[in-house]
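One structure is given below, encoded as C-alpha coordinates.
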Amino acid sequence: MATRVLIGALRKTTSRLPTCRFLSVSPVSRFASTLVIAEHEGGSIKAPSLSAVEAAKSLDKDNSISMLLAGSGHSLQEAAANAVSCHPSVSKVLVADSDRFIHPLAEPWAKLIQLVQQRENFSHIVVASGSFGKNILPRAAALLDVSPVTDVIGISESTTFVRPIYAGNALCTVRYTGAHPCMLTIRSTSFQVQPYSTDSKAHKAPISQVDLSTFEEADTIGKSQYVKLTSQDSERPDLGNSRIVVTGGRGLKSAENFKMLEKLAEKLGAAVGATRAAVDAGFVPNDLQVGQTGKIVAPELYMAFGVSGAIQHLAGMRDSKVIVAVNRDADAPIFQVNSLSLSLSLGYLMGTEIKDSSCGFILNANGYKSS
(Lines give C-alpha, C1' and ligand atoms only; values in the text may rest on other atoms or scores of the structure.)
Protein backbone atom coordinates (compact mmCIF):
# COMPACT_ATOMS: atom_id res chain seq x y z
CA MET A 1 0.00 0.00 0.00
CA ALA A 2 2.77 2.40 0.97
CA THR A 3 4.59 1.56 -2.25
CA ARG A 4 1.55 2.43 -4.38
CA VAL A 5 1.16 5.79 -2.61
CA LEU A 6 4.84 6.60 -3.19
CA ILE A 7 4.68 5.71 -6.88
CA GLY A 8 1.54 7.80 -7.33
CA ALA A 9 3.19 10.78 -5.66
CA LEU A 10 6.23 10.48 -7.94
CA ARG A 11 4.04 10.36 -11.04
CA LYS A 12 2.21 13.54 -10.00
CA THR A 13 5.52 15.30 -9.35
CA THR A 14 7.15 14.34 -12.64
CA SER A 15 4.02 15.26 -14.61
CA ARG A 16 4.45 18.88 -13.49
CA LEU A 17 8.08 19.11 -14.69
CA PRO A 18 8.71 21.05 -17.95
CA THR A 19 9.41 18.94 -21.02
CA CYS A 20 12.87 19.30 -22.62
CA ARG A 21 12.56 18.41 -26.31
CA PHE A 22 16.09 19.17 -27.46
CA LEU A 23 19.30 18.74 -25.54
CA SER A 24 22.59 19.41 -27.27
CA VAL A 25 25.90 19.24 -25.50
CA SER A 26 28.72 20.52 -27.67
CA PRO A 27 32.26 19.50 -26.73
CA VAL A 28 33.66 22.70 -28.28
CA SER A 29 31.50 25.10 -26.23
CA ARG A 30 34.39 25.76 -23.87
CA PHE A 31 36.85 28.63 -23.94
CA ALA A 32 37.90 28.98 -27.58
CA SER A 33 41.52 28.50 -28.57
CA THR A 34 42.32 28.33 -32.26
CA LEU A 35 45.26 27.06 -34.27
CA VAL A 36 45.73 28.71 -37.67
CA ILE A 37 47.78 26.66 -40.13
CA ALA A 38 49.77 29.30 -42.00
CA GLU A 39 51.34 29.13 -45.43
CA HIS A 40 54.46 31.20 -46.08
CA GLU A 41 56.66 31.94 -49.06
CA GLY A 42 59.86 33.95 -49.34
CA GLY A 43 59.78 34.80 -45.65
CA SER A 44 56.28 36.33 -45.76
CA ILE A 45 52.92 35.05 -44.54
CA LYS A 46 50.55 34.57 -47.45
CA ALA A 47 47.42 36.72 -47.54
CA PRO A 48 44.96 33.78 -47.32
CA SER A 49 46.54 32.77 -44.00
CA LEU A 50 45.92 36.26 -42.64
CA SER A 51 42.29 35.87 -43.73
CA ALA A 52 42.23 32.64 -41.72
CA VAL A 53 43.29 34.65 -38.65
CA GLU A 54 40.50 37.12 -39.39
CA ALA A 55 38.04 34.22 -39.51
CA ALA A 56 39.37 32.87 -36.21
CA LYS A 57 38.55 36.25 -34.62
CA SER A 58 34.88 35.64 -35.38
CA LEU A 59 34.75 32.37 -33.43
CA ASP A 60 34.82 33.98 -29.98
CA LYS A 61 35.58 37.45 -28.64
CA ASP A 62 38.00 35.93 -26.09
CA ASN A 63 39.56 33.56 -28.60
CA SER A 64 43.26 32.78 -28.15
CA ILE A 65 44.81 32.41 -31.62
CA SER A 66 48.06 30.55 -32.29
CA MET A 67 49.73 30.37 -35.71
CA LEU A 68 51.64 27.28 -36.85
CA LEU A 69 54.55 27.65 -39.27
CA ALA A 70 56.64 24.76 -40.56
CA GLY A 71 59.62 24.44 -42.83
CA SER A 72 63.34 24.89 -42.56
CA GLY A 73 66.16 27.36 -42.95
CA HIS A 74 66.30 31.12 -43.30
CA SER A 75 62.91 31.37 -45.04
CA LEU A 76 61.16 29.84 -42.02
CA GLN A 77 62.96 32.08 -39.53
CA GLU A 78 62.14 35.17 -41.57
CA ALA A 79 58.49 34.08 -41.82
CA ALA A 80 58.35 33.57 -38.05
CA ALA A 81 59.80 37.05 -37.50
CA ASN A 82 57.07 38.50 -39.71
CA ALA A 83 54.34 36.35 -38.17
CA VAL A 84 54.78 37.76 -34.64
CA SER A 85 53.44 41.13 -35.80
CA CYS A 86 51.42 40.15 -38.88
CA HIS A 87 48.09 40.44 -37.06
CA PRO A 88 47.21 41.86 -33.62
CA SER A 89 45.00 38.85 -32.82
CA VAL A 90 47.86 36.33 -32.99
CA SER A 91 48.88 35.51 -29.41
CA LYS A 92 51.55 32.88 -30.13
CA VAL A 93 53.58 31.60 -33.08
CA LEU A 94 54.47 27.91 -33.14
CA VAL A 95 57.47 27.00 -35.31
CA ALA A 96 58.27 23.46 -36.49
CA ASP A 97 61.78 23.56 -37.94
CA SER A 98 62.54 20.45 -40.00
CA ASP A 99 63.38 19.54 -43.60
CA ARG A 100 60.37 17.22 -43.53
CA PHE A 101 58.03 20.23 -43.85
CA ILE A 102 59.78 22.18 -46.60
CA HIS A 103 57.26 20.89 -49.15
CA PRO A 104 53.52 20.88 -48.34
CA LEU A 105 53.02 17.12 -48.50
CA ALA A 106 49.87 16.00 -46.73
CA GLU A 107 51.34 13.09 -44.75
CA PRO A 108 54.03 14.84 -42.66
CA TRP A 109 51.98 18.02 -42.22
CA ALA A 110 48.94 16.06 -41.02
CA LYS A 111 51.09 14.20 -38.48
CA LEU A 112 52.49 17.54 -37.32
CA ILE A 113 48.99 18.95 -36.78
CA GLN A 114 48.03 15.82 -34.86
CA LEU A 115 51.11 16.16 -32.66
CA VAL A 116 50.48 19.85 -31.91
CA GLN A 117 46.78 19.23 -31.20
CA GLN A 118 47.52 16.41 -28.76
CA ARG A 119 49.78 18.75 -26.80
CA GLU A 120 47.84 22.01 -26.98
CA ASN A 121 44.22 20.76 -27.16
CA PHE A 122 42.82 23.54 -29.36
CA SER A 123 39.07 23.95 -29.74
CA HIS A 124 39.37 24.95 -33.43
CA ILE A 125 41.86 24.46 -36.27
CA VAL A 126 41.53 26.83 -39.24
CA VAL A 127 43.25 26.96 -42.63
CA ALA A 128 42.52 28.84 -45.85
CA SER A 129 40.61 26.88 -48.48
CA GLY A 130 43.36 26.78 -51.12
CA SER A 131 45.38 23.92 -52.55
CA PHE A 132 47.53 23.95 -49.39
CA GLY A 133 44.62 23.66 -46.95
CA LYS A 134 42.52 21.30 -49.06
CA ASN A 135 45.49 18.95 -49.30
CA ILE A 136 46.40 18.85 -45.60
CA LEU A 137 43.28 19.37 -43.49
CA PRO A 138 41.23 16.29 -44.51
CA ARG A 139 44.10 13.92 -43.64
CA ALA A 140 44.72 15.72 -40.34
CA ALA A 141 41.00 15.49 -39.55
CA ALA A 142 41.07 11.75 -40.22
CA LEU A 143 44.02 11.32 -37.84
CA LEU A 144 42.12 13.25 -35.15
CA ASP A 145 38.89 11.35 -35.92
CA VAL A 146 36.73 14.42 -36.55
CA SER A 147 34.72 15.69 -39.52
CA PRO A 148 35.94 18.98 -41.04
CA VAL A 149 33.65 21.81 -42.13
CA THR A 150 34.88 23.00 -45.51
CA ASP A 151 34.74 26.21 -47.55
CA VAL A 152 33.21 28.36 -44.80
CA ILE A 153 32.18 31.86 -45.87
CA GLY A 154 30.48 33.02 -42.65
CA ILE A 155 30.70 32.35 -38.92
CA SER A 156 27.63 32.91 -36.76
CA GLU A 157 28.87 31.24 -33.56
CA SER A 158 31.81 29.11 -32.53
CA THR A 159 29.97 26.03 -33.84
CA THR A 160 27.65 27.53 -36.48
CA PHE A 161 28.93 28.22 -39.97
CA VAL A 162 27.70 29.24 -43.42
CA ARG A 163 29.04 27.51 -46.52
CA PRO A 164 27.98 27.50 -50.18
CA ILE A 165 26.41 24.45 -51.80
CA TYR A 166 25.28 23.64 -55.35
CA ALA A 167 28.26 25.53 -56.82
CA GLY A 168 27.42 28.65 -54.84
CA ASN A 169 23.76 28.86 -55.85
CA ALA A 170 22.60 28.25 -52.28
CA LEU A 171 23.99 28.89 -48.82
CA CYS A 172 23.79 26.29 -46.09
CA THR A 173 24.01 26.94 -42.35
CA VAL A 174 25.60 24.01 -40.51
CA ARG A 175 26.15 23.36 -36.81
CA TYR A 176 29.14 21.34 -35.67
CA THR A 177 28.31 18.95 -32.81
CA GLY A 178 31.33 16.65 -32.93
CA ALA A 179 34.32 16.33 -30.65
CA HIS A 180 36.97 18.98 -30.60
CA PRO A 181 38.85 20.23 -32.45
CA CYS A 182 36.38 21.76 -34.88
CA MET A 183 38.38 21.89 -38.11
CA LEU A 184 37.56 24.49 -40.76
CA THR A 185 38.71 25.53 -44.19
CA ILE A 186 37.63 29.10 -44.90
CA ARG A 187 37.19 30.96 -48.18
CA SER A 188 39.73 33.75 -47.83
CA THR A 189 37.78 36.17 -50.06
CA SER A 190 34.96 36.16 -47.49
CA PHE A 191 37.19 37.26 -44.60
CA GLN A 192 38.95 40.44 -45.61
CA VAL A 193 41.76 41.51 -43.28
CA GLN A 194 40.80 44.72 -41.53
CA PRO A 195 43.33 47.56 -41.30
CA TYR A 196 44.65 48.07 -37.81
CA SER A 197 46.27 50.98 -36.02
CA THR A 198 49.96 51.74 -35.62
CA ASP A 199 49.76 50.79 -31.94
CA SER A 200 48.51 47.33 -32.95
CA LYS A 201 51.49 46.88 -35.25
CA ALA A 202 53.79 47.22 -32.25
CA HIS A 203 52.25 44.04 -30.85
CA LYS A 204 54.57 41.03 -31.08
CA ALA A 205 53.50 37.51 -30.23
CA PRO A 206 56.00 35.14 -28.59
CA ILE A 207 57.62 32.37 -30.64
CA SER A 208 57.56 28.79 -29.38
CA GLN A 209 59.50 25.95 -30.99
CA VAL A 210 57.56 22.72 -31.54
CA ASP A 211 59.31 19.74 -29.96
CA LEU A 212 59.66 17.17 -32.75
CA SER A 213 61.51 14.54 -30.71
CA THR A 214 58.41 12.33 -30.62
CA PHE A 215 57.41 12.97 -34.23
CA GLU A 216 56.74 9.62 -35.88
CA GLU A 217 57.79 9.73 -39.50
CA ALA A 218 57.45 6.04 -40.33
CA ASP A 219 53.80 6.39 -41.35
CA THR A 220 54.54 9.27 -43.74
CA ILE A 221 57.34 7.74 -45.81
CA GLY A 222 56.69 6.52 -49.33
CA LYS A 223 53.03 7.55 -49.68
CA SER A 224 53.75 10.71 -51.63
CA GLN A 225 56.86 12.30 -53.05
CA TYR A 226 57.76 15.84 -53.99
CA VAL A 227 58.87 15.99 -57.63
CA LYS A 228 59.16 19.63 -58.66
CA LEU A 229 57.51 23.03 -58.58
CA THR A 230 56.65 24.76 -61.83
CA SER A 231 55.63 28.41 -61.69
CA GLN A 232 55.22 31.27 -64.12
CA ASP A 233 57.63 34.18 -63.72
CA SER A 234 55.47 37.26 -64.11
CA GLU A 235 55.38 40.82 -62.83
CA ARG A 236 51.59 40.79 -62.80
CA PRO A 237 49.74 40.62 -59.47
CA ASP A 238 48.82 37.28 -57.93
CA LEU A 239 45.50 36.03 -59.26
CA GLY A 240 44.03 35.30 -55.84
CA ASN A 241 44.76 38.76 -54.40
CA SER A 242 44.61 41.15 -57.35
CA ARG A 243 42.25 44.15 -57.30
CA ILE A 244 41.55 43.63 -61.02
CA VAL A 245 41.23 40.32 -62.85
CA VAL A 246 41.01 39.93 -66.63
CA THR A 247 39.69 36.50 -67.59
CA GLY A 248 39.37 34.78 -70.95
CA GLY A 249 37.21 31.86 -71.94
CA ARG A 250 36.83 29.37 -74.75
CA GLY A 251 35.42 32.17 -76.91
CA LEU A 252 38.93 33.54 -77.44
CA LYS A 253 39.60 30.40 -79.53
CA SER A 254 43.42 30.39 -79.33
CA ALA A 255 46.44 31.04 -77.17
CA GLU A 256 47.41 33.86 -79.52
CA ASN A 257 44.21 35.73 -78.72
CA PHE A 258 44.96 35.35 -75.02
CA LYS A 259 48.00 37.57 -75.57
CA MET A 260 45.60 40.47 -76.18
CA LEU A 261 44.25 39.92 -72.67
CA GLU A 262 47.77 39.90 -71.29
CA LYS A 263 48.44 43.29 -72.92
CA LEU A 264 45.22 44.67 -71.44
CA ALA A 265 46.16 43.26 -68.03
CA GLU A 266 49.54 45.00 -68.20
CA LYS A 267 47.82 48.32 -68.90
CA LEU A 268 45.41 47.83 -66.00
CA GLY A 269 47.90 46.32 -63.56
CA ALA A 270 45.62 43.28 -63.44
CA ALA A 271 45.99 39.54 -63.02
CA VAL A 272 45.07 37.18 -65.84
CA GLY A 273 42.58 34.36 -65.31
CA ALA A 274 40.93 31.71 -67.44
CA THR A 275 37.98 29.35 -67.48
CA ARG A 276 38.41 25.60 -67.22
CA ALA A 277 37.50 25.22 -70.89
CA ALA A 278 40.32 27.58 -71.88
CA VAL A 279 42.76 25.71 -69.63
CA ASP A 280 41.70 22.31 -70.98
CA ALA A 281 42.14 23.62 -74.52
CA GLY A 282 45.75 24.48 -73.70
CA PHE A 283 45.40 28.25 -74.14
CA VAL A 284 46.99 28.97 -70.73
CA PRO A 285 48.43 26.94 -67.81
CA ASN A 286 46.02 25.58 -65.20
CA ASP A 287 47.31 27.83 -62.40
CA LEU A 288 45.27 30.62 -64.03
CA GLN A 289 41.96 28.75 -63.75
CA VAL A 290 39.15 30.57 -61.95
CA GLY A 291 36.19 28.60 -60.66
CA GLN A 292 34.97 25.87 -58.38
CA THR A 293 37.92 23.62 -59.26
CA GLY A 294 40.34 26.51 -59.63
CA LYS A 295 40.93 29.70 -57.67
CA ILE A 296 38.24 31.68 -55.88
CA VAL A 297 38.60 35.41 -56.52
CA ALA A 298 36.69 38.49 -55.40
CA PRO A 299 38.41 41.52 -56.98
CA GLU A 300 37.09 45.05 -57.19
CA LEU A 301 36.82 44.66 -60.98
CA TYR A 302 36.36 41.36 -62.82
CA MET A 303 36.46 41.44 -66.64
CA ALA A 304 35.34 38.35 -68.54
CA PHE A 305 36.04 38.03 -72.27
CA GLY A 306 34.47 35.19 -74.22
CA VAL A 307 33.22 33.60 -70.99
CA SER A 308 29.78 32.01 -71.23
CA GLY A 309 29.41 31.69 -67.46
CA ALA A 310 29.17 28.01 -66.61
CA ILE A 311 27.99 27.37 -63.06
CA GLN A 312 31.43 26.09 -62.03
CA HIS A 313 33.07 29.32 -63.18
CA LEU A 314 30.50 31.59 -61.56
CA ALA A 315 31.14 29.86 -58.24
CA GLY A 316 34.70 31.23 -58.32
CA MET A 317 34.02 34.89 -59.12
CA ARG A 318 30.43 35.83 -58.25
CA ASP A 319 31.59 37.82 -55.18
CA SER A 320 33.47 40.34 -57.35
CA LYS A 321 32.46 43.95 -56.71
CA VAL A 322 32.04 44.96 -60.39
CA ILE A 323 31.73 42.36 -63.14
CA VAL A 324 32.16 43.33 -66.79
CA ALA A 325 31.23 40.67 -69.35
CA VAL A 326 32.19 40.99 -73.02
CA ASN A 327 30.54 38.37 -75.20
CA ARG A 328 28.87 38.19 -78.59
CA ASP A 329 26.18 35.90 -77.19
CA ALA A 330 23.62 38.15 -75.51
CA ASP A 331 22.06 35.09 -73.83
CA ALA A 332 25.26 33.95 -72.11
CA PRO A 333 24.56 32.96 -68.47
CA ILE A 334 27.22 35.36 -67.18
CA PHE A 335 24.96 38.29 -68.10
CA GLN A 336 22.61 37.17 -65.34
CA VAL A 337 25.16 38.11 -62.66
CA ASN A 338 27.24 40.89 -64.17
CA SER A 339 26.80 44.58 -63.44
CA LEU A 340 27.83 45.92 -66.86
CA SER A 341 26.73 44.01 -69.97
CA LEU A 342 28.63 44.54 -73.22
CA SER A 343 27.98 42.39 -76.28
CA LEU A 344 31.08 43.16 -78.32
CA SER A 345 33.94 41.39 -80.01
CA LEU A 346 37.33 41.54 -78.33
CA GLY A 347 38.99 43.03 -81.40
CA TYR A 348 36.51 45.91 -81.39
CA LEU A 349 37.11 46.46 -77.70
CA MET A 350 40.87 46.73 -78.05
CA GLY A 351 40.57 49.41 -80.74
CA THR A 352 37.70 51.53 -79.50
CA GLU A 353 36.85 53.43 -76.35
CA ILE A 354 33.56 52.30 -74.78
CA LYS A 355 31.44 54.56 -72.61
CA ASP A 356 28.47 53.65 -70.48
CA SER A 357 26.71 56.79 -69.30
CA SER A 358 24.37 54.91 -66.97
CA CYS A 359 27.18 53.90 -64.61
CA GLY A 360 29.85 56.44 -65.54
CA PHE A 361 32.27 53.81 -66.83
CA ILE A 362 34.92 54.27 -69.55
CA LEU A 363 36.87 51.32 -70.91
CA ASN A 364 39.59 51.40 -73.55
CA ALA A 365 42.86 49.73 -74.44
CA ASN A 366 44.79 52.06 -72.14
CA GLY A 367 42.87 51.28 -68.96
CA TYR A 368 39.61 52.02 -67.19
CA LYS A 369 38.38 54.92 -65.14
CA SER A 370 35.21 56.52 -63.87
CA SER A 371 33.82 59.34 -65.98
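This structure is a prediction, so every number in the text was calculated from the model and none was measured. Residue numbers count from 1 along this sequence.
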Under 3.5 Å, is there a donor on one side chain and an acceptor on the other for H40 and E78? no
Quick one: do F305 and F258 satisfy ring-ring contact (aromatic ring centres under 6.0 Å, His included)? Show the steps, please. CA-CA 10 Å; F305 298 90; F258 247 90; 9.8 Å; no
Within a reach of under 6.0 Å around OH of Y226, are more than 12 heavy atoms found that belong to other residues, nucleotides or ligands? yes
For L105, is there any backbone N or O sitting under 3.5 Å from a side-chain donor or acceptor partner on H103? no
Do N121 and H180 have side-chain N/O donor and acceptor atoms under 3.5 Å apart? yes
S72 (side chain) donor-acceptor with I102 (main chain) under 3.5 angstrom: no
Sorted by first residue and then second, give each salt bridge (Lys or Arg N to Asp or Glu O under 4.0 Å) pair with at least one member in residues 301-314; sequence neighbours left out. none
Does this structure show an ion pair linking K57 with E54, if we count only N-O contacts that are shorter than 4.0 Å? yes
Please determine whether the number of non-hydrogen atoms from other residues, nucleotides or ligands lying under 6.0 Å from atom CZ of R163 exceeds 12. yes
For L252, does its backbone N or O pair with a side-chain atom of N257 as donor and acceptor, under 3.5 Å? yes
Under a plain distance cut-off of 3.5 Å, with no hydrogens placed, do T185 and T150 share a side-chain donor-acceptor pair? no
Heavy atoms of V246 and A270 approach each other most closely as CG2-CB, 3.9 Å
In a table with atom names and distances, give each donor-acceptor pair under 3.5 Å that connects a side chain of residues 130-138 to protein atoms at least two apart or in another chain.
| residue | atom | partner | partner atom | Å |
| --- | --- | --- | --- | --- |
| N135 | ND2 | P104 | O | 3.1 |

Under 3.5 Å: donor-acceptor pair, side chain of T34, backbone of A56: no
Regarding R187 and T189, do their side chains bring together a donor and an acceptor under 3.5 Å, going by distance alone? no
A side-chain contact here means heavy atoms from C-beta on lying under 4.5 Å apart; do L184 and C182 qualify? yes
Polar contact flag, side-chain donor to acceptor under 3.5 angstrom, T214-R119: yes
Hey, quick one: are L59 and V116 part of the same hydrophobic cluster, counting side-chain heavy atoms closer than 4.5 Å, chains of contacts allowed? yes
Please assess E39 against K46 for the test salt bridge (Lys or Arg N to Asp or Glu O under 4.0 Å), listing each intermediate value before the final yes or no. CA-CA 6 Å; E39 187 179 8; K46 288 193 172 182; 3.4 Å; yes
Donor-acceptor contact below 3.5 Å, side chain T275 vs main chain A278: yes
Would you call K92 and M67 a side-chain contact if the rule is heavy atoms closer than 4.5 Å? no
Where P181 and Y176 come nearest, the two heavy atoms and their spacing: O-OH, 3.6 Å
Looking at CG of D211 and CG of L94, how far apart are the two atoms once the value is rounded to the nearest 0.5 Å? 12.0 Å
Which side-chain N or O atoms in residues 307-318 pair as donor and acceptor under 3.5 Å with protein atoms at least two apart or in another chain?
| residue | atom | partner | partner atom | Å |
| --- | --- | --- | --- | --- |
| H313 | ND1 | V290 | O | 3.0 |
| H313 | NE2 | Y302 | OH | 2.8 |

